[in-house]
Novice: 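Take this structure first; my questions come after.
Counting convention: from 1, in listed order, for ligands and their atoms alike.
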Amino acid sequence: MSEQELKALRVRIDSLDEKILELISDRARCAQEVARVKTATLAEGETPVFYRPEREAQVLKRVMQRNQGPLGNEEMARLFREIMSSCLALEQPLKIAYLGPEGTFTQAAAMKHFGHAVISKPMAAIDEVFREVAAGAVNFGVVPVENSTEGAVNHTLDSFLEHDMVICGEVELRIHHHLLVGENTKTDSISRIYSHAQSLAQCRKWLDAHYPNVERVAVSSNAEAAKRVKGEWNSAAIAGDMAAGLYGLSRLAEKIEDRPDNSTRFLMIGNQEVPPTGDDKTSIIVSMSNKPGALHELLVPFHENGIDLTRIETRPSRSGKWTYVFFIDFVGHHRDPLIKAVLEQISQEAVALKVLGSYPKAVL
Ligand SMILES: C=C(O[C@@H]1C=C(C(=O)O)C=C[C@H]1O)C(=O)O
């Protein structure tokens with residue numbers, strides 16, 4: 001390519017960037033107008049709801065449908081995710097609590113879902129995220145709920161039994177773990193590997209093969225593991241990219257998770273009910289009386305109405321020995337007439353039924 005050609009292309013890019021800049025600014029002004037309308041149309045005593053997850057899901061889906069390349073759909077949606085995040089911040093910057101410390105996968109999930117134009121607050125434990133949301137100190141909380149290799153995150157499920165929360169969204173994140181070391185680590189004499197118990201479990205086979213005799217120490221988060229390694233010469237951490245970057249660690253081995261499709265699903269919790277988008281999921285908690293066939297009775301209405309169950313999890317109810325509650329996720333919105341009828345049918349048989357929320361299926 002000649003210098004001449006390169007110069008001409010750069011002139012073209014500059015002029016396109018000017019147009020993009022103008023268009024994004026136009027869009028941002030529109031969002032400000034939306035905020036004005038939302039505030040102006042309020043009834044007495046009502047507080048405006050600026051963040052609309054159902055609308056955001058529609059915007060992202062539309063972008064993906066209309067995209068013709070060469071950028072991939074996910075890439076394009078990610079760019080629009082950030083534009084929307086900044087536009088919303090002009091209306092009202094969202095405050096988000098997540099399972100910290102900084103550098104956790106939960107933080108990465110929060111950024112993937114809400115974009116970067118938010119005020120985010122790391123919390124030390126899952127229960128604290130719930131309490132922060134319940135106290136109204138933040139608009140939303142982000143917590144892990146299940147991993148494709150290791151299953152349910154029980155702390156999260158149990159917290160739903162203790163707090164009244166609405167699930168407003170979900171996001172899935174591919175989880176890649178690396179073995180990380182600091183600049184002072186003597187890599188041939190590693191005697192301890194720190195990580196969160198879930199991550200140690202997700203890399204169990206790799207650790208058995210490569211570090212069978214090294215002590216595995218479970219700590220409160222992967223980011224905490226990375227932080228500890230910084231000050232120790234004989235230890236390593238298992239954590240992801242964000243923690244590696246944040247604590248300046250380097251990768252001794254990359255992508256060491258036992259399953260290449262290792263993914264975690266996270267939930268956005270808040271106080272706001274989300275209207276239907278036509279492509280939603282619902283999460284409920286049900287407790288049944290302790291009699292034969294109770295689980296069958298619970299599942300029949302879903303089967304008979306062709307409702308797609310995406311997950312069922314059992315936890316001790318905490319209100320009696322050997323009594324259980326079921327966490328069930330299925331496709332549909334609790335305001336859909338069919339789902340409404342099924343939930344009514346179930347509640348006639350159940351000891352208790354609580355809808356945790358209906359929310360758009362993860363777009364990104
Ligand atoms: C602009 C709006 O407010 C927020 C910002 C959005 C956007 O930038 O597209 C979409 C939904 C809301 O979270 C709206 O409700 O349409």
Novice: Which of the atoms of ligand 1 are close to K38, meaning less than 4.0 Å from one of its heavy atoms?
Specialist: 2 (C), 3 (O), 14 (C), 15 (O)
Novice: Are any of the side-chain nitrogens in R335 or D280 under 4.0 Å away from the carboxylate oxygens of its partner?
Specialist: no
Novice: Which residue and non-hydrogen atom of the protein lie closest to atom 6 (C) of ligand 1, and at what distance in Å?
Specialist: E56 OE2, 4.1 Å
Novice: Nearest to atom 2 (C) of ligand 1 by heavy atom, R81, R52, E91: which?
Specialist: E91
Novice: Taking only residues two or more places apart in sequence, or in another chain, which ones meet F160 in a ring-ring contact (aromatic ring centres under 6.0 Å, His included)?
Specialist: F130
Novice: Using a 4.0 Å cut-off to any heavy atom of M84, which atoms of ligand 1 qualify?
Specialist: 7 (C), 8 (O), 9 (O)
Novice: Please identify which of these residues, H113, E74, E56, meets the side chain to side chain donor-acceptor pair (under 3.5 Å) condition with R81.
Specialist: E56
Novice: Strictly below 4.0 Å, N to O, side chains only: are K205 and D208 in salt-bridge contact?
Specialist: no
Novice: Could you give the side-chain donor-acceptor pairs of residues 139-147 under 3.5 Å, partners two or more places apart or in another chain?
Specialist:
{"residue": "N139", "atom": "OD1", "partner": "K95", "partner atom": "N", "Å": "2.8"}
{"residue": "E146", "atom": "OE1", "partner": "R311", "partner atom": "NE", "Å": "3.1"}
{"residue": "E146", "atom": "OE2", "partner": "R265", "partner atom": "NH1", "Å": "2.8"}
{"residue": "E146", "atom": "OE2", "partner": "R311", "partner atom": "NE", "Å": "3.4"}
{"residue": "N147", "atom": "OD1", "partner": "T149", "partner atom": "N", "Å": "2.7"}
{"residue": "N147", "atom": "OD1", "partner": "E150", "partner atom": "N", "Å": "2.8"}
{"residue": "N147", "atom": "OD1", "partner": "Q202", "partner atom": "NE2", "Å": "3.3"}
{"residue": "N147", "atom": "ND2", "partner": "N262", "partner atom": "OD1", "Å": "3.1"}
{"residue": "N147", "atom": "ND2", "partner": "S263", "partner atom": "O", "Å": "3.1"}
{"residue": "N147", "atom": "ND2", "partner": "T264", "partner atom": "OG1", "Å": "2.9"}

Novice: Counting heavy atoms only, which of R55, R27, E33 is nearest atom 9 (O) of ligand 1?
Specialist: R27
Novice: Suppose I only count heavy atoms of F50 and a 4.0 Å limit; which atoms of ligand 1 are within that range?
Specialist: 3 (O), 4 (C), 12 (C), 13 (O)
Novice: From the options E273, E54, K281, H333, select the one residue that forms a side-chain contact (heavy atoms from CB on, under 4.5 Å) with Y359.
Specialist: K281
Novice: Taking 4.0 angstrom as the limit and counting only heavy atoms of C87, give me the atoms of ligand 1 inside it, by number and element.
Specialist: 8 (O)
Novice: Taking E91 first and then K38, would you say they form a salt bridge - that is, a charged N and a carboxylate O separated by under 4.0 Å?
Specialist: yes
Novice: Show which atoms of ligand 1 fall inside a sub-4.0 Å distance from at least one heavy-atom site of Y51.
Specialist: 13 (O)
Novice: With atoms numbered from 1 as shown, which atoms in ligand 1 lie under 4.0 angstrom from a non-hydrogen atom of L88?
Specialist: 4 (C), 13 (O)
